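Values in this document were obtained by computation on a predicted structure and should not be read as measured data.
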Amino acid sequence: MDRRRMFELRRTVVCLLLVPIYGLVCRNALGAADGGSVSIGALKQLSIEELMNLDVTSVSKQPEPYGQAPAAIQVITQNEIRRSGASSIPEALRLADNLDVAQQNSHDWSISARGFNTALANKLLVLIDGRTVYTPLFSGVFWNVQDYLLKDIDRIEVISGPGGTLWGANAVNGVINISSKSAKDTQGGYLEAGGGEPGLKSFAGVRYGGTLAPDIYFRAYGKYFDRGNEVYANGNNASDSWNMRQGGFRVDSYASPGNVLTVQGDLYGSDLNVAAGGAGSSSGGNVLGRWSHVISDDSNTSLQLYYDRTHLADPITNQFGTAKVLTDDLDTYDLDFQHHIRLNERNRVAWGLGYRFTHDVVDPAQNLTFLPPTLNRNLYSGFVQDEVMLVKDLFFTVGTKLEHNDYTGFEWEPSGRLQWNIAADQMLWSAVSRAVRTPSRVDSDLREPNPLTTILAGDSGFKSETLIAYELGYRARLGSKASASLSMFYNDYDNVRSLSYTPITIVPLFFANNLAGDTYGAELSMDYQIIDQWRLHGGYDLLRERIHVKSGAFDLENALNETEDPQHQFSLRSSLDLPRHIELDGGLRWVDKLIANNNGVPATVPSYFELDVRLGWRPVPKLEFAIVGQNLLHARHPEYGLVSTIPNREDIQRSVYGKVSYGW
């Protein structure tokens with residue numbers, strides 16, 4: 001073994017052992033550290049008991065303790081985001097063990113839960129402060145434009161498993177609900193800046209909060225970042241750098257008893273380069289208003305209205321050559337009403353109505369067209385859910401959502417959920433649910449290379465993909481220092497998207513619903529508080545997929561194009577408070593190999609270990625310095641392989657950046 005490889009091996013071993021060894025050496029010193037430090041004072045991690053009692057809203061659309069929420073849910077807190085060193089929302093989502101997060105290149109990510117994590121991952125619903133951010137273009141999420149000042153995110157709730165009964169279509173395999181802090185909780189000023197190489201080259205953010213009148217609070221923020229290029233496996237520059245600007249505001253009024261009025265909005269713009277050549281851009285903005293009204297101790301309502309505008313100019317290369325720039329302009333108007341009422345000691349009912357209108361304009365590009373280019377769509381919805389206390393500590397929740405869309409008409413998504421509170425700190429739950437993924441413009445309206453000589457087309461008769469899910473879970477606080485959560489599932493899918501053809505004419509190839517199959521697996525997470533200043537968190541996911549072509553049907557991709565998921569994932573995180581207001585955090589993850597589609601033939605994206613480390617120091621309470629190392633175990637590694645780019649698949653590089661922040 002040459003000296004360079006020996007040095008790399010030695011450095012890897014040191015990185016792996018640094019956090020636990022340093023923690024053991026410092027254990028006695030930590031116990032004697034001055035208890036008034038900021039790191040173990042106001043900014044300390046939640047205790048195990050506080051974590052189990054943390055209110056979450058994504059499971060039932062009203063606050064309930066995390067430890068008593070009957071679903072496979074994980075909560076990413078603000079403190080965990082800060083201490084992880086995450087610089088973007090996708091990076092923060094790595095903290096959820098029940099997600100598969102894969103970075104494709106400098107600016108694109110694939111994120112899903114319980115499988116189907118393809119380039120057009122479309123079975124995960126994502127909300128930011130109640131605003132749905134998926135695009136009807138492909139029923140997925142453009143992750144590169146989902147941004148926020150991370151300091152002002154309160155928490156991220158991640159549900160793996162269907163959430164269609166409350167959240168509607170496309171909440172098939174999970175729901176990500178990102179909630180920002182109230183303006184009341186972000187008073188004063190905040191500044192951050194930093195940079196590094198080769199990933200996050202430079203960034204800056206500013207926020208200021210104040211009062212407009214008694215009990216009326218506001219904040220305004222702005223941020224900017226510039227990210228560098230990633231590389232190909234041979235080390236050549238992939239030329240996919242990008243930058244983004246974003247700003248926004250939020251106002252919260254508590255001036256009237258029993259009423260909370262929130263108004264908020266954001267504007268953003270982004271420029272990016274793509275590895276295939278060319279430059280793209282995206283921009284947009286949104287404004288949201290929400291009125292929450294408490295009628296009594298047993299009844300409350302909320303009314304929410306938002307408008308969202310997005311503009312996308314994306315240089316795309318497909319199998320027919322360069323598509324030049326695809327331009328998509330989308331306007332979304334959404335109205336939602338909810339009412340929660342306790343009818344009696346045994347029944348707690350939630351119901352609501354919703355309406356969404358979208359106006360989508362896709363300009364034809366070379367080798368890529370959508371017909372019709374302009375499309376208006378209406379979505380009407382209503383839901384009702386009743387939580388019934390059968391006997392003390394045994395609850396049965398039943399409900400359904402009914403939606404009407406312009407593609408497939410009426411869709412219903414019922415569920416039944418049983419919850420048994422075995423003890424004050426133990427809960428067992430089970431559920432059976434139905435969810436659907438409704439058609440997108442890609443499924444129905446796509447024409448490649450053009451309408452006159454179409455070789456690949458969407459199908460106006462494309463059906464909704466369906467899921468019947470069976471779940472069983474257990475969550476418990478194991479004494480004062482540990483907690484654990486285990487979820488097991490079996491998912492039965494039908495009408496999954498395929499690529500078919502007409503036997504007589506062969507072309508055009510078209511999207512059909514010729515796939516079916518099942519998946520099953522388990523998700524385990526644990527927290528252990530070794531001492532007050534040191535916590536460990538571990539997670540493990542198992543996923544088995546058996547997707548096949550239906551009998552007598554055809555799929556050109558041999559049922560490989562809808563799944564690119566690891567069978568196993570493992571993560572271990574350590575958060576350690578050291579003397580003199582120093583924090584040391586490390587995150588180790590292992591992701592199993594992926595089976596990718598290479599034109600109907602299986603291709604492998606190799607498994608990998610990676611390590612992220614953050615070292616933070618607060619010399620005074622308002623000032624913080626941090627240095628973050630990401631992907632430290634390899635100079636570069638692949639995380640994902642696209643169907644048409646496996647020979648030129650990009651690698652994600654090791655990177656280091658520094659950050660300074662100040663609040664007043």
Side-chain angles (χ1 to χ4, degrees), residues 87-90 104-109 120 126-150 152-153 178 180 200-207 220-229 239-250 263-289 306-316 323-334 356-365 368 370 373-377 440-442:
S87 60
S88 67
I89 287 177
Q104 299 179 22
N105 50 51
S106 177
H107 45 69
D108 292 323
W109 300 73
L120 299 180
V126 182
L127 304 103
I128 299 179
D129 284 331
R131 177 174 53 88
T132 301
V133 298
Y134 87 95
T135 170
L137 193 66
F138 66 97
S139 294
V141 177
F142 288 113
W143 284 105
N144 59 314
V145 297
Q146 310 310 326
D147 197 21
Y148 210 78
L149 190 65
L150 295 187
D152 292 343
I153 291 180
I178 302 169
S180 67
L200 188 58
K201 297 176 64 176
S202 62
F203 66 93
V206 59
R207 179 254 292 152
Y221 78 94
K223 64 173 298 187
Y224 169 84
F225 66 77
D226 182 19
R227 291 184 180 266
N229 302 304
S239 301
D240 60 350
S241 61
W242 64 302
N243 62 71
M244 186 166 176
R245 298 83 57 197
Q246 180 162 318
F249 74 95
R250 176 164 173 162
V263 180
Q264 63 187 89
D266 308 279
L267 288 172
Y268 67 87
S270 176
D271 302 300
L272 58 87
N273 298 308
V274 298
S281 65
S282 58
S283 60
N286 62 82
V287 61
L288 177 147
Y306 71 78
Y307 166 71
D308 195 342
R309 164 78 173 180
T310 63
H311 169 77
L312 171 69
D314 190 9
I316 295 176
K324 292 191 175 178
V325 177
L326 172 72
T327 302
D328 179 38
D329 290 286
L330 174 68
D331 295 280
T332 302
Y333 304 83
D334 188 277
R356 180 178 302 156
F357 173 77
T358 58
H359 174 72
D360 190 33
V361 181
V362 183
D363 288 341
L368 184 64
F370 286 81
T374 300
L375 187 67
N376 295 327
R377 282 290 185 249
S440 67
R441 296 209 66 182
V442 165

*Asks:* Quick one: closest heavy-atom pair of Gly285 and Leu267, and the distance?
*Replies:*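 Looks like CA-CD2, 3.9 Å.
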*Asks:* Looking at Asp240 and His107, what are the two nearest heavy atoms and their distance?
*Replies:* O-CD2, 3.1 Å
*Asks:* Do Thr310 and Leu312 make a side-chain contact, defined as non-hydrogen atoms from C-beta onward lying under 4.5 Å apart?
*Replies:*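 In short, these two side chains do not touch, never coming nearer than 4.5 Å.
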*Asks:* Closest approach of Leu149 and Val206, non-hydrogen atoms and distance?
*Replies:* CD2-O, 4.4 Å
*Asks:* So, taking the atom named CZ in Arg245 and the one named OG in Ser283, what distance separates them when rounded to the nearest 0.5 Å?
*Replies:*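 Rounded to the nearest 0.5 Å, the CZ-OG separation comes to 8.5 Å.
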*Asks:* Taking atom OG of Ser440 and atom OH of Tyr134, what is their separation to the nearest 0.5 Å?
*Replies:* 9.5 Å
*Asks:* Are any side-chain N or O atoms of Ser270 and backbone N or O atoms of Asn243, one a donor and one an acceptor, separated by less than 3.5 Å?
*Replies:*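 Between the backbone of Asn243 and the side chain of Ser270 there is a qualifying donor-acceptor contact (under 3.5 Å).
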*Asks:* To the nearest 0.5 angstrom, please state how far the CH2 atom of Trp109 sits from the CD1 atom of Ile89.
*Replies:* 11.5 Å
*Asks:* Report the residue from Asp360, Asp331, Asp266, Asp328 that forms a salt bridge (Lys or Arg N to Asp or Glu O under 4.0 Å) with Arg309.
*Replies:* Asp331
*Asks:* Is it true that the side chains of Gln246 and Tyr221 contain a donor and an acceptor less than 3.5 Å apart?
*Replies:*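 Gln246 vs Tyr221: donor-acceptor pair found between side chains.
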*Asks:* Might you point out which heavy atoms bring Pro373 and Arg441 nearest each other, and give the distance in Å?
*Replies:* O-NH1, 3.5 Å
*Asks:* Starting at CG of Asp226, measure out to CE of Met244 and round the result to the nearest 0.5 Å.
*Replies:*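 So the gap between those two atoms works out to 13.0 Å.
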*Asks:* Measuring from Leu326:CG to Phe370:CZ, what's the distance to the nearest 0.5 Å?
*Replies:* 6.0 Å
*Asks:* Between Asp147 and Tyr268, is a side-chain contact (heavy atoms from CB on, under 4.5 Å) present by the stated rule, with each step listed?
*Replies:* CA-CA 9 Å; Asp147 197 21; Tyr268 67 87; over 6 Å; no
*Asks:* If you look at every heavy atom in Arg250 and Ser180, which pair is closest and at what distance?
*Replies:*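 Smallest heavy-atom distance, with atoms named: NH1-OG, 3.0 Å.
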*Asks:* Rounded to the nearest 0.5 Å, what separates atom CG in Leu368 from atom CG in Asp363?
*Replies:*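 Between Leu368 CG and Asp363 CG, I get 11.5 Å after rounding to 0.5 Å.
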*Asks:* Please check this pair: side chain of Asn229 against backbone of Ser241, looking for a donor-acceptor N/O pair closer than 3.5 Å.
*Replies:* yes
*Asks:* Check whether any side-chain heavy atom of Ser87 lies under 4.5 Å from a side-chain heavy atom of Phe225, and answer yes or no.
*Replies:*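 The answer is no, as the side chains (C-beta and beyond) never meet within the 4.5 Å cut-off.
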*Asks:* Parallel, tilted or perpendicular: which describes the rings of Phe357 and His359, with under 30° parallel and over 60° perpendicular?
*Replies:*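 Taking His359 first and then Phe357, their aromatic rings lie parallel (interplane angle under 30°).
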*Asks:* Using a 4.5 Å cut-off on heavy atoms from C-beta on, say whether the side chain of Leu127 contacts that of Thr132.
*Replies:* yes
*Asks:* Among side-chain atoms of Ser239 and Asn273, is any donor-acceptor pair under 3.5 angstrom?
*Replies:* no
*Asks:* Determine whether Pro136 and Arg377 make a side-chain contact, defined as any pair of heavy atoms from C-beta on separated by less than 4.5 Å.
*Replies:* no
*Asks:* Is a donor on one side and an acceptor on the other found under 3.5 Å between the side chain of Asn286 and the backbone of Tyr307?
*Replies:* no
*Asks:* Could I get the full list of side chain to side chain donor-acceptor pair (under 3.5 Å) partners for Asp152, not counting sequence neighbours?
*Replies:* Arg207
*Asks:* For the residue pair Ile178 and Tyr148, establish whether any side-chain heavy-atom pair is separated by less than 4.5 Å.
*Replies:*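 Not in contact.
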*Asks:* Step by step, would you call Asn144 with Leu272 a side-chain contact (heavy atoms from CB on, under 4.5 Å)?
*Replies:* CA-CA 10 Å; Asn144 59 314; Leu272 58 87; 3.5 Å; yes
